[in-house]
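The block underneath contains the structure these notes are about, expressed in structure tokens.
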There are 2 protein chains.
Amino acid sequence: MGRYRVGLETRERILSATRRLLSEVGVDGVTLKAITDQARVGAGSFYNLFDSKEEAVFEVVREAIEAVDPDPDGEGTDTLADLVDAFVTFMTGSSPIARIYLQLAVGRGLTDRAIATRVIRSHRTRVDRFTDAWLREDPTLTPEAAERRAQTMLAALTGLGLSVLLDETFDMRAHALELLPSSAVSSAAS
Amino acid sequence: MGRYRVGLETRERILSATRRLLSEVGVDGVTLKAITDQARVGAGSFYNLFDSKEEAVFEVVREAIEAVDPDPDGEGTDTLADLVDAFVTFMTGSSPIARIYLQLAVGRGLTDRAIATRVIRSHRTRVDRFTDAWLREDPTLTPEAAERRAQTMLAALTGLGLSVLLDETFDMRAHALELLPSSAVSSAAS
DNA sequence: GAAGAAATGTAGTGTACGCTCCAATATGTA
DNA sequence: TACATATTGGAGCGTACACTACATTTCTTC
């Protein structure tokens with residue numbers, strides 16, 4: 001599966017259709033039939049390329065998160081301000097996927113063990129990124145203190161993201177700046 | 001419907017069952033059969049008292065959101081540390097309401113306007129509470145700055161609450177202390 | 001205690017959905 | 001060209017689900 005050119009093209013069509021439907025009808029409204037109709041593909045083709053409907057949805061969300069990564073190659077050059085900025089952009093940008101991500105992570109992750117595991121794992125790698133950035137920002141921190149700050153900062157950003165999704169007049173960026181140490185704020189403003 | 005004593009009792013049994021199931025299997029996992037089995041009631045009885053399944057779920061949600069409202073007869077003497085402590089206790093306590101509240105606020109509030117409005121309103125009153133505490137903590141703050149800090153702190157607490165619900169080994173209290181200004185931390189430790 | 005209204009349980013009904021099966025066809029490789 | 005493997009569509013399967021119809025029982029009132 002997924003080794004011939006046409007198969008890869010079909011896969012892309014399916015992901016596009018899923019992405020589009022997620023933003024139009026929400027996570028609960030996406031049915032397999034809607035996806036396959038939209039992608040002009042039979043159910044058999046779908047299951048030739050994906051193990052389940054969930055798989056396609058996850059893939060779309062994963063790609064959306066990746067798309068706003070300030071350092072996709074993991075070169076360790078991103079600052080705290082960069083990371084915060086990327087998160088804010090993800091949440092306030094035009095893509096509706098942030099909403100889907102939170103719905104999945106919270107609405108489902110809270111009861112579905114499999115989803116919780118996925119969410120925690122992706123969260124884990126993000127915490128590491130923030131921890132490294134904290135250490136670069138303030139080398140006097142112990143690794144434990146840096147990680148604690150990373151966790152708190154990420155949680156705060158998630159909470160702020162929730163606020164802005166619930167109330168679109170909420171100024172997430174202004175609030176997010178509160179989270180940065182003062183030295184990083186001034187460099188972000190430059 | 002719902003005019004005889006037994007009917008009202010049945011109604012309560014149904015709401016209890018719904019509440020319990022919401023916390024155990026989540027919003028999407030609640031089926032009519034589960035509710036009626038749990039409440040030891042037939043489907044006919046259910047529909048004699050409620051117009052639809054949603055009706056019962058919504059009622060439970062309404063009550064859960066109400067329960068999260070801050071104490072209305074607070075005297076305005078609580079410190080930031082007190083408020084943070086109360087929030088942490090609510091999130092890490094044994095009651096499943098926190099989980100239900102977050103699931104509904106996020107899982108539904110993100111798509112259902114009516115629920116979003118409710119969530120925002122109860123959030124609003126909590127922000128005011130935190131704003132006052134900030135002003136007491138640091139009287140040099142402008143009201144705007146105090147409110148911004150209150151919003152950020154509350155969002156952070158919500159995010160931390162989410163973390164602890166997803167991963168129960170997460171030490172929410174330790175992280176929440178990070179959010180307090182250093183003066184308040186020392187007074188909280190005393 | 002009679003009568004009417006409310007409550008109850010059960011056995012369905014209709015439907016929407018995720019997914020499988022499989023025969024036919026297209027694609028890549030030597 | 002011949003062969004193996006991937007891809008395709010879509011009929012249809014199994015199931016889960018919200019909800020209904022209705023005969024029976026219980027409750028309340030006068």
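Proteins come first, then strands; the chains are lettered A, B, ... in the order of their sequence lines, and each starts at number 1.
Checked by atom type, the side-chain pair B:Arg121/B:Thr125 shows no donor-acceptor distance below 3.5 Å. For the residue pair A:Arg149 and A:Thr131, no side-chain donor N or O sits within less than 3.5 Å of a side-chain acceptor on the partner.
Identified under the ring-ring contact (aromatic ring centres under 6.0 Å, His included) test for residues 124-148 of chain A, with sequence neighbours left out: none.
For A:Ser45 and B:Ala43, each mapped to the nucleotide of DNA chain D holding its nearest heavy atom, the one lying further toward the 5' end belongs to A:Ser45.
Nearest heavy atom pair, residue B:Pro181 against residue B:Leu80, reads CD-CD1, 4.1 Å. The two residues A:Lys53 and A:Tyr47 have their closest heavy-atom pair at N-OH, 4.2 Å.
A:Glu66 is linked by a side-chain hydrogen bond (donor to acceptor under 3.5 Å, both in side chains) to A:Arg62, counting only residues two or more places apart in sequence or in another chain. Partners of B:Asp37 under the salt bridge (Lys or Arg N to Asp or Glu O under 4.0 Å) rule, at least two apart in sequence or in another chain, are B:Lys33. With sequence neighbours excluded, no residue satisfies side-chain hydrogen bond (donor to acceptor under 3.5 Å, both in side chains) with B:Asp132. With sequence neighbours excluded, no residue forms a salt bridge (Lys or Arg N to Asp or Glu O under 4.0 Å) with A:Arg99. Qualifying side-chain hydrogen bond (donor to acceptor under 3.5 Å, both in side chains) partners for B:Glu9, counting only residues two or more places apart in sequence or in other chains: B:Arg5. With sequence neighbours left out, the side-chain contact (heavy atoms from CB on, under 4.5 Å) criterion links B:Ala176 to B:Val84, B:Val88, B:Leu157, B:Leu160. Contacts of A:Glu63 classified as side-chain hydrogen bond (donor to acceptor under 3.5 Å, both in side chains), with partners at least two apart in sequence or in another chain: A:Arg19.
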Within the 4.0 Å limit for protein heavy atoms, which parts of nucleotides 22-30 of chain D are touched? Write it as a string from 5' to 3', B for base, S for sugar-phosphate only, - for none. -----BS--
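Using five terminal pairs a side, the axes of the helix from C:dG1-D:dC30 to C:dA30-D:dT1 at its two ends make an angle of 30°, given in steps of 10 degrees.
For the segment residues 52-61 of chain B, residues with any heavy atom less than 4.0 angstrom from an atom of DNA chain D are, sorted by number, B:Ser52, B:Lys53. Contacts of residues 17-38 of chain B with DNA chain D (heavy atom under 4.0 Å): B:Val30, B:Thr31, B:Leu32.
In this structure, B:Leu49 places its CG atom 15 Å from C1' of D:dC19, rounding to the nearest Å. Regarding A:Phe50, its CZ atom lies at a distance of 12 Å from the P atom of D:dT7, rounded to whole Å. Remark: P of D:dA18 and CG of B:Asp51 are 16 Å apart, rounded to the nearest angstrom. The OH atom of A:Tyr47 sits 17 Å away from the P atom of D:dC13 (whole-angstrom rounding).
Screening B:Asn48, B:Leu15, B:Leu49 against B:Thr10 for a side chain to side chain contact (heavy atoms under 4.5 Å, CB included) leaves a single residue, B:Leu49.
Residue A:Asn48 places no side-chain N or O under 4.0 Å from the OP1 or OP2 atom of D:dA6.
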